[in-house]
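Note sheet for the following structure.
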Amino acid sequence: MPSHNQYLFLLSFSLTFGILLLVSFWVSAFLTARDIHLRNLILIGLPKDPQHPEMDVHSIQDFIKTFTQEDAIALVQTPAFLASAGLAAVAFYWLAFSGERKPVLNPNEWKEFPLVLKTQVSPNTAVYRFSLPSSKDVLGLPVGQHIQVSAEINGKDIMRSYTPTTLDQFDKGHFDLLIKTYEKGNISRHFSLLKIGDRIRVKGPKGAFIYNNKLTGHLGLIAGGTGISPMYQIIRSSIWDHSDATTINLIYANVNEEDILLRDELEHLHHNSAGRFNIFYVLNNPPPGWKGGVGFVTKEQVAHYMPSQDKDCKILMCGPPPMMSAMKKHLDELKYPAPRTVSKLSDQVFLF
């Protein structure tokens with residue numbers, strides 16, 4: 001199905017072609033009225049007298065000798081000329097300033113981006129927004145892949161992988177990283193100390209998982225803490241793609257209720273999914289009256305909320321290592337295939 005941009009291209013092409021055709025008729029009529037015929041251009045360079053080719057030949061001067069300065073002034077004042085000049089100016093502006101720009105990311109080159117906004121979303125987690133070179137730029141990150149971030153800490157280059165929560169089709173001119181600060185975390189502490197205008201080094205895309213709306217019929221997602229980042233990106237891409245029929249179930253585990261990241265955004269997607277996307281929250285320390293899961297994610301919860309292994313489905317997981325180890329054990333007992341050490345896109349169980 002053609003995209004919005006493709007429809008705009010077809011409309012602009014048809015309009016431009018029609019205007020140029022009309023302009024050509026006006027210009028031709030203008031020149032003919034002054035006994036200037038474009039067909040005479042083909043005579044330039046040919047002998048005026050075929051019987052005596054050594055004599056004079058047709059020249060460009062012959063073609064324009066009847067085209068006076070007054071004719072030129074009259075031509076540039078015609079509606080046809082003004083319309084074509086305006087169209088040419090609009091086309092130049094579109095090509096120079098409004099066209100699609102190339103993705104900014106380069107998998108083989110570190111690039112620097114400045115911090116422009118920091119938004120605290122929980123006691124120890126914030127969303128860091130970094131600006132791209134132009135407000136029309138896109139990061140160039142396929143849905144499901146991640147970027148590498150590098151920082152010099154205590155004289156050493158430290159690298160970590162992060163999945164932005166932003167998407168190229170919706171978010172231009174910037175990208176957002178959801179990062180939890182750990183007391184002993186090198187990169188996360190580095191982020192927490194960044195000031196507006198400070199830069200980070202980024203390279204990518206990286207990763208074996210790339211989502212598309214034909215990948216599978218059912219997605220089961222299990223996330224803990226900031227492991228929600230790749231899940232949120234995939235969910236957002238799927239739900240706002242009206243040609244995507246994938247059903248998505250998410251188990252999202254945290255310690256406290258205030259640790260549930262992107263909760264408003266997730267529930268907004270749930271309410272707009274027409275039943276395709278459902279969430280089950282699990283908390284270690286639930287508040288009074290909590291209706292979700294309590295403690296750790298159980299095998300029974302995985303069996304209930306994840307699609308059956310005999311369906312056309314994929315299970316995606318991202319979270320703290322102890323949680324992921326427990327989830328692997330649950331899935332093994334439920335007869336799902338064991339995930340590889342390094343997951344592949346073709347795997348039924350994929351670990352980010």
Side-chain angles (χ1 to χ4, degrees), residues 141-148 160-165 204-239 241 243-254 261-262 266 269-270 273 275-284 292-352:
L141 185 73
V143 178
Q145 290 197 299
H146 57 265
I147 60 174
Q148 271 189 309
R160 293 290 185 272
S161 296
Y162 293 100
T163 302
T165 54
K206 303 287 184 180
F209 189 89
I210 299 178
Y211 180 75
N212 68 76
N213 59 17
K214 304 299 182 185
L215 183 65
T216 185
H218 307 275
L219 276 178
L221 313 179
I222 304 174
T226 54
I228 194 63
S229 293
M231 310 305 186
Y232 174 68
Q233 193 191 68
I234 292 166
I235 297 163
R236 190 179 174 208
S237 174
S238 173
I239 298 306
D241 179 356
S243 65
D244 193 333
T246 309
T247 62
I248 306 172
N249 281 358
L250 167 67
I251 296 176
Y252 186 24
N254 285 282
L261 306 174
L262 302 173
L266 289 168
L269 289 168
H270 163 68
S273 70
R276 285 206 295 121
F277 170 50
N278 294 288
I279 317 165
F280 180 69
Y281 298 111
V282 180
L283 295 179
N284 292 132
V294 176
F296 298 112
V297 178
T298 66
K299 181 177 74 172
E300 290 70 28
Q301 290 166 350
V302 171
H304 181 76
Y305 290 102
M306 295 295 99
S308 173
Q309 75 276 12
D310 58 359
K311 288 186 176 180
D312 171 27
C313 74
K314 285 187 180 292
I315 306 296
L316 311 182
M317 302 192 295
C318 189
M323 178 184 173
M324 294 298 97
S325 296
M327 295 307 102
K328 290 178 186 179
K329 182 178 179 182
H330 293 337
L331 291 171
D332 179 63
E333 292 175 357
L334 293 168
K335 308 303 180 185
Y336 289 89
R340 307 187 206 203
T341 304
V342 178
S343 296
K344 304 291 185 182
L345 182 60
S346 58
D347 295 347
Q348 187 175 35
V349 178
F350 189 98
L351 182 61
F352 285 100

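If you're wondering where the values come from, they're calculated on a predicted model, not measured in any experiment. Atom set for the values below is all heavy atoms of this structure, side chains included, hydrogens, waters and symmetry mates excluded.
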Report task. Examine the side chains of Ser238 and Arg276 and answer whether a donor and an acceptor come within less than 3.5 Å of each other. Result -> yes
Side-chain contact, heavy-atom cut-off 4.5 Å: [X] with [Y]?
X      : Y      : value
Phe280 : Asn249 : no
Ile147 : Pro164 : yes
Leu316 : Leu219 : yes
Cys313 : Gln348 : yes
Leu334 : Ser308 : no

Report task. Please say which of Asp244, Asp241, Thr216 ends up in a side-chain hydrogen bond (donor to acceptor under 3.5 Å, both in side chains) with Tyr211. Result -> Asp244
Do any N or O atoms from the side chain of [X] and from the backbone of [Y] form a donor-acceptor pair under 3.5 angstrom?
X      : Y      : result
Gln301 : Thr298 : yes
Tyr252 : Gly225 : yes
Ser237 : Val143 : no
Asp347 : Phe350 : no
His270 : Phe277 : yes
His330 : Glu300 : no
Asp312 : Gly217 : yes
Gln145 : Ala208 : no
Lys328 : Pro339 : no

**Report entry** side chain to side chain contact (heavy atoms under 4.5 Å, CB included) assessment of Asn284 paired with Asn254
**Finding:** CA-CA 7 Å; Asn284 292 132; Asn254 285 282; over 6 Å; no
Report task. Report yes if the distance between the aromatic ring centroids of Phe209 and Phe352 is under 6.0 Å, otherwise no. Result -> yes
Query raised in the report: Going through the checks in order, is the side chain to side chain contact (heavy atoms under 4.5 Å, CB included) test met by Val282 and Phe296?
Result: CA-CA 7 Å; Val282 180; Phe296 298 112; over 6 Å; no
Query raised in the report: Are there more than 12 heavy atoms of other residues, nucleotides or ligands under 6.0 Å from atom NZ of Lys206?
Result: yes
Requested in this report: From the options Leu221, Leu331, Ile251, select the one residue that forms a side chain to side chain contact (heavy atoms under 4.5 Å, CB included) with Met317.
Outcome: Leu331
Query - The single option from Thr165, Leu141, Ile228 passing side chain to side chain contact (heavy atoms under 4.5 Å, CB included) against Gln233 - result: Leu141
**Report entry** Interatomic spacing from CE in Met324 to NZ in Lys329 - rounded to 0.5 Å
**Finding:** 15.5 Å
Query raised in the report: Rounded to the nearest 0.5 Å, how far does CG of Leu266 lie from CD1 of Ile279?
Result: 5.0 Å
**Report entry** Chi angles and distances behind the side chain to side chain contact (heavy atoms under 4.5 Å, CB included) call for Thr246, His218
**Finding:** CA-CA 5 Å; Thr246 309; His218 307 275; 5.7 Å; no
